[in-house]
Amino acid sequence: VANNAIGYNAAVPKVSLQLPDSNYVITVEPGLLSRIGPELRALTPASKAAIITDENVASHHLAGLTNSLRKTGIEPIVATLNPGEDHKTLPALLPVFDQFLQAKIERTTPILALGGGLVGDMAGFVAATILRGVPFVQIPTTLLAMVDASIGGKTGVNSPQGKNLIGAFHQPIAVFADPEVLKTLPRREFISGLAECIKHEIIRDADGFAALEKNIAAVLKLDMNLLTELVAHNVRIKAKVVESDPFEHGERAHLNFGHTFGHAIEKVSQFTYTHGESIALGMVAATNLATNLKMLDPAAKHRILTLIAVAGLPVSGMHLDAQAVFDAMAFDKKVKSSKLRLILPDRFGHVVIRDDVPPELIRKAIEGLR
Ligand SMILES: NC(=O)c1ccc[n+]([C@@H]2O[C@H](COP(=O)([O-])OP(=O)(O)OC[C@H]3O[C@@H](n4cnc5c(N)ncnc54)[C@H](O)[C@@H]3O)[C@@H](O)[C@H]2O)c1
Ligand SMILES: [Zn+2]
């Protein structure tokens with residue numbers, strides 16, 4: 001990350017991400033959606049752009065994007081997916097490949113993902129594979145996609161064997177995040193995205209955590225200035241982690257804080273808890289566990305649990321069988337050599353990877369969520 005202004009109040013709208021074989025800029029700016037035509041023109045001379053979106057996002061935001069493209073002389077080709085994780089499959093993409101190939105897209109035609117993480121992952125997979133790879137642009141429309149899914153180049157679809165098991169790394173050439181579009185996002189989805197923001201502060205930024213504590217009420221009211229700062233700040237954290245570990249061999253694992261527990265909770269709840277709600281509970285379990293192991297002081301734990309609760313995320317009342325959650329954890333793909341690998345906080349802005357936690361304590365941490 002070239003511009004190193006750290007801190008929640010550093011409202012620099014552009015974050016540049018530098019990887020071994022790609023560089024791109026993530027722009028965070030209210031109203032950006034209606035200016036994407038010229039932004040794209042500055043990156044490519046292409047006369048066409050292929051958009052992938054979903055029905056919900058299209059109903060609110062597609063016209064803004066296509067108008068901007070047309071005004072710049074870029075002809076949009078649009079494929080609209082069915083929303084919902086059930087539709088994140090390879091078969092759902094086959095008509096999209098057909099449509100784009102029939103429209104004679106070329107190696108230089110950019111594919112634009114207009115949507116949340118689902119659209120971003122699926123569109124990225126199309127961009128990675130169609131004609132053996134075309135330029136890809138992320139236009140994230142959920143908070144989760146802005147601060148997490150749109151950055152880092154992981155793309156893919158689900159299969160009957162599990163989530164995101166078919167995919168590729170394919171970095172975008174640009175990410176355009178317009179916080180204004182969050183105004184139409186369902187409340188529960190917005191709050192779920194906040195879980196990833198809280199996660200970022202806990203693993204990387206003590207000052208950012210304090211700033212979020214201070215600003216959470218205004219963020220929940222969608223104060224556009226604060227929201228822009230929050231998104232830009234979180235983009236910076238995610239970008240830095242990705243830069244340091246583009247292919248997920250090492251410290252990118254820190255982003256899994258709350259996720260080993262969270263994925264299991266999500267699965268056992270049969271997705272009645274959203275991803276954000278599941279990882280909120282997962283962060284609570286990991287935080288409690290860290291305190292029980294005497295790694296984290298109880299005052300820090302109290303602040304973490306309070307912020308999660310104030311954000312509107314669950315910290316207790318989990319109605320799932322603790323043993324079922326424990327068993328599901330053992331199947332998580334992040335398990336290395338049959339040991340459970342947990343990311344645990346030891347102070348604000350810092351986490352450690354532990355694979356030596358006694359199963360009994362893990363079970364107790366899950367039990368504590370009920
Ligand atoms: N690639 C990565 O690194 C990465 C990281 C995290 C998550 N993911 C993936 O992201 C997906 C989840 O993403 P998500 O949480 O953004 O969910 P999502 O894309 O399913 O969007 C959630 C819901 O909100 C709707 N929506 C999106 N933007 C809207 C807007 N502005 N206004 C109104 N409605 C809107 C969608 O249609 C959908 O119904 C999962 O498939 C997950 O695997 C990928
Ligand atoms: Zn997550």
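For the atom pair L90 CG and M122 CE, the distance stands at 8.5 Å (nearest 0.5 Å). We find the CG-CD1 distance between L143 and I191 to be 10.5 Å, quoted to the nearest 0.5 Å. Note that CZ of F261 and CG of N288 are 9.0 Å apart. Values are rounded to the nearest 0.5 Å. Atom NE2 in H233 sits 12.0 Å away from atom CZ in R204 (nearest 0.5 Å). Taking CD of E277 as the start and CD1 of I265 as the end, the distance is 11.0 Å to the nearest 0.5 Å. Atom CG in L112 sits 6.5 Å away from atom CG in L69 (nearest 0.5 Å).
Scanning both residues, Q99 and A79, for their nearest heavy atoms gives OE1-CB, 3.5 Å. Between G116 and T141, the shortest heavy-atom contact is N-OG1, 3.4 Å. Between P179 and V28, the shortest heavy-atom distance links the atoms CG-CG1, 4.0 Å. When every heavy atom of P314 is checked against every heavy atom of A280, the shortest pair comes out as O-CB, 3.8 Å. When all heavy atoms of L220 and A311 are compared, the closest pair comes out as CD2-O, 3.7 Å. Across V241 and S244, no two heavy atoms sit closer than the pair O-OG, 2.7 Å.
Counting only distance, with no hydrogens or angles, the side chain of T155 and the backbone of A168 share a donor-acceptor pair below 3.5 Å. Under a 3.5 Å cut-off, the side chain of R41 and the backbone N or O of T44 do form a donor-acceptor pair. Under the 3.5 Å distance criterion, the side-chain polar atoms of R107 are matched with a main-chain donor or acceptor of L131. A distance-only check finds no donor-acceptor pair linking the side chain of S22 to the backbone of L19 [under 3.5 Å]. The closest donor-acceptor contact from the side chain of H350 to the backbone of F348 lies at 3.5 Å or more, if one exists at all. The backbone N or O of G64 lies less than 3.5 Å from no partner atom in the side chain of S34, so there is not a single donor-acceptor pair.
Counting heavy atoms from C-beta on, the side chains of I198 and I304 never come closer than 4.5 Å. The side-chain heavy atoms of I130 and V96, taken from C-beta on, include no pair separated by under 4.5 Å. Looking only at side-chain heavy atoms (C-beta outward), K183 and L222 come within less than 4.5 Å of each other. Side-chain atoms of K199 and V147, non-hydrogen and from C-beta on, never get closer than 4.5 Å to each other. Under the 4.5 Å side-chain criterion, counting only non-hydrogen atoms from C-beta, M283 is not in contact with L313.
The only option from V315, L369, I366 that meets the side chain to side chain contact (heavy atoms under 4.5 Å, CB included) definition with L281 turns out to be L369.
When the shell of 6.0 Å around NZ of K48 is examined, it contains more than 12 heavy atoms from other residues, nucleotides or ligands. Atom NE2 of H60 is surrounded by more than 12 heavy atoms from other residues, nucleotides or ligands within 6.0 Å.
Take E213 and apply the salt bridge (charged side-chain N to carboxylate O under 4.0 Å, His left out) test, not counting sequence neighbours, and it matches R303.
In the hydrophobic cluster analysis, where Ile, Leu, Val, Met, Phe, Trp and Tyr join through side-chain heavy atoms closer than 4.5 angstrom, F100 is grouped apart from V78. A continuous path of ILVMFWY side-chain contacts below 4.5 Å connects L227 to I139, so both sit in one hydrophobic cluster. There is a path of hydrophobic side-chain contacts, each under 4.5 Å, that joins I51 to V57. A continuous path of Ile, Leu, Val, Met, Phe, Trp and Tyr side chains, each step under 4.5 Å between heavy atoms, connects L212 with V284, placing both in one hydrophobic cluster.
A donor atom on one side chain and an acceptor atom on the other are found under 3.5 Å apart for Q161 and S159. Looking only at atom types and distance, the side chain of D327 has a donor-acceptor partner in the side chain of Q323 under 3.5 Å away.
Using bins of under 30°, 30° to 60° and over 60° for the plane-to-plane angle, the ring pair H319/Y273 lands in the parallel bin.
Sorted by first and then second residue, the pairs that involve residues 112-134 and meet side chain to side chain donor-acceptor pair (under 3.5 Å), not counting sequence neighbours, are K88-D121.
With salt bridges taken as basic N to acidic carboxylate O contacts below 4.0 Å, none links E243 and K240. Look at K238 and E196 and you find no salt bridge, because none of the NZ, NE, NH1 or NH2 atoms lies under 4.0 Å from a carboxylate O.
F169 belongs to a hydrophobic cluster whose other members, connected by ILVMFWY side-chain contacts under 4.5 Å either directly or through intermediates, are F247.
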